[in-house]
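By convention in this document, chain letters (A, B, ...) are assigned in the order of the sequence lines, proteins followed by strands, and residues within each chain are numbered from 1.
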Amino acid sequence: MTDRNASSAVPNGQREGGPRFRFAPSPTGFFHVGGARTALMNWALARRLGGTFVLRIEDTDEARNKPEWTQGIIDALAWIGIAADDEHFEGPHFQSAHAEAHVAAAHRLYEQGDAYYCDLSGQDVQDRAAELGITGYDGYSRDRGLGPAPGRVLRFRVPEGTTVVDDLVRGAVSFENSTIEDFVLLRGNGAPVFLLANVVDDIEMAITHVVRAEEHLPNTPKQQMLWRALGHEPPAWAHVPVLVNEQRKKLSKRRDKVALEQYRDEGYLAEAMVNYLMTLGWTPPGAEEAGSEIAGWPEIEAAFALEDVNLSPAFFDVKKLTAFNKQYIKNMPPDEFVAAASVELPADWDRARFAEIAPHIQERLETLKDVPATVDFLFWPAGADAEPVDYDEASWDKATKPEWSGAFLADVIGAYEALGEHPWDAATLKATMEDLMGRYEIKLGKAQALPRVAVTGRAVGPPLFESFEVLGRDETLRRLHVAADRLGSSAQPTGAGG
RNA sequence: GCCCCCAUCGUCUAGUGGCCUAGGACACCACCCUUUCAAGGUGGCGGCACGGGUUCGAAUCCCGUUGGGGGUGCCA
């Protein structure tokens with residue numbers, strides 16, 4: 001069955017203008033990461049092959065779909081680089097606008113004898129199946145010659161034989177037509193179902209390549225029969241594996257975090273998301289030699305091929321996504337990073353001050369959301385009447401544990417104050433502290449512990465001396481004194497001294 | 001139940017009969033570097049589901065088993 005000889009070259013029915021791909025989401029409220037992945041694949045192919053990416057909103061389920069969902073889809077696509085104003089982009093088209101064509105096609109099928117009406121209700125079908133010991137519809141009305149009437153559904157007359165689906169990623173997949181029931185085309189109320197609408201629209205829009213998730217594979221033989229019955233050669237099909245969760249179940253919005261928007265809001269970069277999504281089932285060329293799977297869109301677009309897509313479901317691993325995100329943040333141009341990170345900052349935080357510390361935190365972040373907590377100490381109220389530093393007590397305890405800590409802190413304060421008019425810069429601050437270390441026979445790693453907790457409240461953070469420099473002489477010394485006082489008073493009982 | 005798909009380290013993958021004593025990435029561990037945390041460097045752990053074939057030779061081809069997934073709507 002793995003006859004993967006179908007080429008990615010345009011198959012039959014190509015019209016001028018190159019191959020036509022399509023992405024046909026239904027507007028259900030948010031954009032699924034799995035949808036993003038298939039959209040990206042279609043986009044890569046459409047652009048490289050000089051074709052078109054058609055966006056079609058499948059909004060035929062009136063029960064749930066609002067105009068804003070459509071805008072949400074367009075925004076989400078734009079976020080991952082699929083721009084509506086790109087020359088390869090077409091749409092959005094709305095399926096609901098073609099309802100008449102769908103119905104007309106159904107009638108044509110009926111006229112041709114490829115479809116017939118049936119007056120059984122869903123319950124009737126179930127009852128008969130139970131009685132006959134079979135599943136699904138048994139073809140009860142096939143030869144009853146019923147005409148259209150309210151309440152009657154129109155069913156496709158599945159022919160005998162075998163239907164072979166030529167899939168670009170899986171090869172030839174064959175289905176025994178006898179296992180496919182006469183499926184519904186028009187509901188009892190006359191409304192067309194997805195299977196039909198989808199095919200009619202694809203034909204109408206001259207789609208040459210249908211690239212979608214594996215869950216649609218079982219629908220494909222039915223759609224292929226429809227294409228033929230409607231007088232057209234089917235398009236090239238390609239079913240890529242689904243994305244699964246840690247339980248290996250298809251990602252679902254009910255139990256899994258699948259909204260693209262959510263990742264965006266949580267500080268993930270579009271480029272990282274795009275790159276990661278494309279590594280699910282596929283590897284950018286040269287990744288092995290480079291020792292990295294990080295690849296920009298141009299590279300991906302130039303190399304992506306359906307034939308190279310892996311066949312098994314892939315686990316959407318947020319940990320790996322996060323690792324990619326960290327890489328991308330680290331590699332951002334500095335000014336771009338400042339701009340992106342600033343969005344996460346409270347309005348009253350001084351942007352200029354943030355820009356000073358930015359280079360020192362850029363390689364320490366997993367997401368943009370981590371920015372505020374990393375630099376917050378620079379924006380705490382300053383001055384004599386400011387609130388006391390909110391120390392992380394565990395860090396404080398550990399930093400004040402060494403018996404020399406209090407004396408060392410006092411020395412640091414003394415030395416820093418002795419700097420007088422000397423520039424308050426990181427290099428000076430570091431050298432000054434290092435001069436003191438000899439007396440205590442400690443290394444910088446230990447020496448900086450208490451000063452760090454004193455000024456930032458925590459045991460970890462951006463490089464210390466740079467932080468002191470950005471914070472400024474007055475506030476740094478003030479916090480150092482506050483800590484010394486706190487240490488002094490707590491040490492009082494045992495009369496600890498220098 | 002029935003139909004279809006799939007099966008390489010924990011995860012994502014490279015691999016299309018000999019280059020494989022199976023390579024990379026993420027995660028994890030250790031060490032180095034070091035101003036904490038990161039980053040970087042080095043090393044390590046860890047896999048071809050099982051059983052039959054075919055072949056001089058199989059992770060790669062065939063069959064079966066087992067396991068996983070998807071679909072079975074008058075949803076899309």
Quiz item: Looking for any heavy atom pair under 4.0 Å, which part of the strands does A:Asn189 touch: base, sugar-phosphate only, or nothing?
Solution: nothing

Quiz prompt | Set of residues satisfying salt bridge (Lys or Arg N to Asp or Glu O under 4.0 Å) with respect to A:Asp317, sequence neighbours excluded | solution = none

Self-check item: Side-chain donor/acceptor of A:Arg248 to base of B:U11, under 3.5 Å
Solution: no

Exercise. Using a 4.0 Å heavy-atom cut-off across all strands, classify A:Leu120 as base, sugar-phosphate, or nothing.
Key: base

Quiz item: NA contact type, A:Pro241, heavy-atom cut-off 4.0 Å: base, sugar-phosphate, or nothing?
Solution: nothing

Quiz item: B:U36, B:C6, B:C26: which one has an atom nearest the side-chain heavy atoms of A:Ala323?
Solution: B:C26

Quiz item: Applying a 3.5 Å limit to both distances, which nucleotide forms a Watson-Crick or G-U wobble pair with B:A76?
Solution: none

Quiz item: Which part of the nucleic acid, if any, lies within contact of A:His239, taking any heavy atom under 4.0 Å across all strands shown: a base, the sugar-phosphate backbone alone, or nothing?
Solution: nothing

Practice problem: Using a 4.0 Å heavy-atom cut-off across all strands, classify A:Leu280 as base, sugar-phosphate, or nothing. | Solution: sugar-phosphate

Quiz item: Of the candidate nucleotides B:G71, B:C37, B:U11, which contains the atom at the shortest distance from the side chain of A:Asp317?
Solution: B:U11

Quiz item: Contact class for A:Glu434 (heavy atom, under 4.0 Å): base, sugar-phosphate, or nothing?
Solution: nothing

Exercise. Classify the angle between the aromatic ring planes of A:His102 and A:His98 as parallel (below 30°), tilted (30 to 60°) or perpendicular (above 60°).
Key: perpendicular

Quiz item: When all nucleic acid strands are considered with a 4.0 Å heavy-atom cut-off, which category describes A:Gly136: base, sugar-phosphate, or nothing?
Solution: nothing

Exercise. Please work out if A:Glu181 contacts a base, only the sugar-phosphate, or nothing of the nucleic acid, heavy-atom cut-off 4.0 Å.
Key: nothing

Practice problem: Over 60° means perpendicular and under 30° means parallel, so classify the ring planes of A:Phe316 and A:Tyr276, tilted if in between. | Solution: perpendicular

Exercise. Quick one: label A:Leu444 by what it contacts on the DNA or RNA (base, sugar-phosphate, nothing), any heavy atom closer than 4.0 Å.
Key: base

Practice problem: Would you indicate what A:Gly291 reaches in the nucleic acid, counting non-hydrogen atoms under 4.0 angstrom: base, sugar-phosphate, or nothing? | Solution: sugar-phosphate

Quiz item: Heavy atoms under 4.0 Å, any strand shown: does A:Lys430 hit a base, just sugar-phosphate, or nothing?
Solution: base

Quiz item: Just checking A:Glu293: base, sugar-phosphate only, or nothing, at a heavy-atom cut-off of under 4.0 Å?
Solution: base

Quiz item: Contact class for A:Val184 vs. all strands (heavy atom < 4.0 Å): base, sugar-phosphate, or nothing?
Solution: sugar-phosphate

Self-check item: Aromatic plane relationship, A:Tyr263 with A:Tyr268 - under 30° parallel, 30 to 60° tilted, over 60° perpendicular
Solution: perpendicular

Exercise. Measure the acute angle between the ring planes of A:Trp237 and A:Trp227, then classify it against the limits of 30° and 60° as parallel, tilted or perpendicular.
Key: perpendicular

Exercise. Name the nucleic acid region contacted by A:Thr135, choosing base, sugar-phosphate or nothing; use a 4.0 angstrom heavy-atom cut-off, strictly under.
Key: base

Quiz prompt | Donor/acceptor link under 3.5 angstrom from A:Lys320 side chain onto base of B:A27 | solution = no

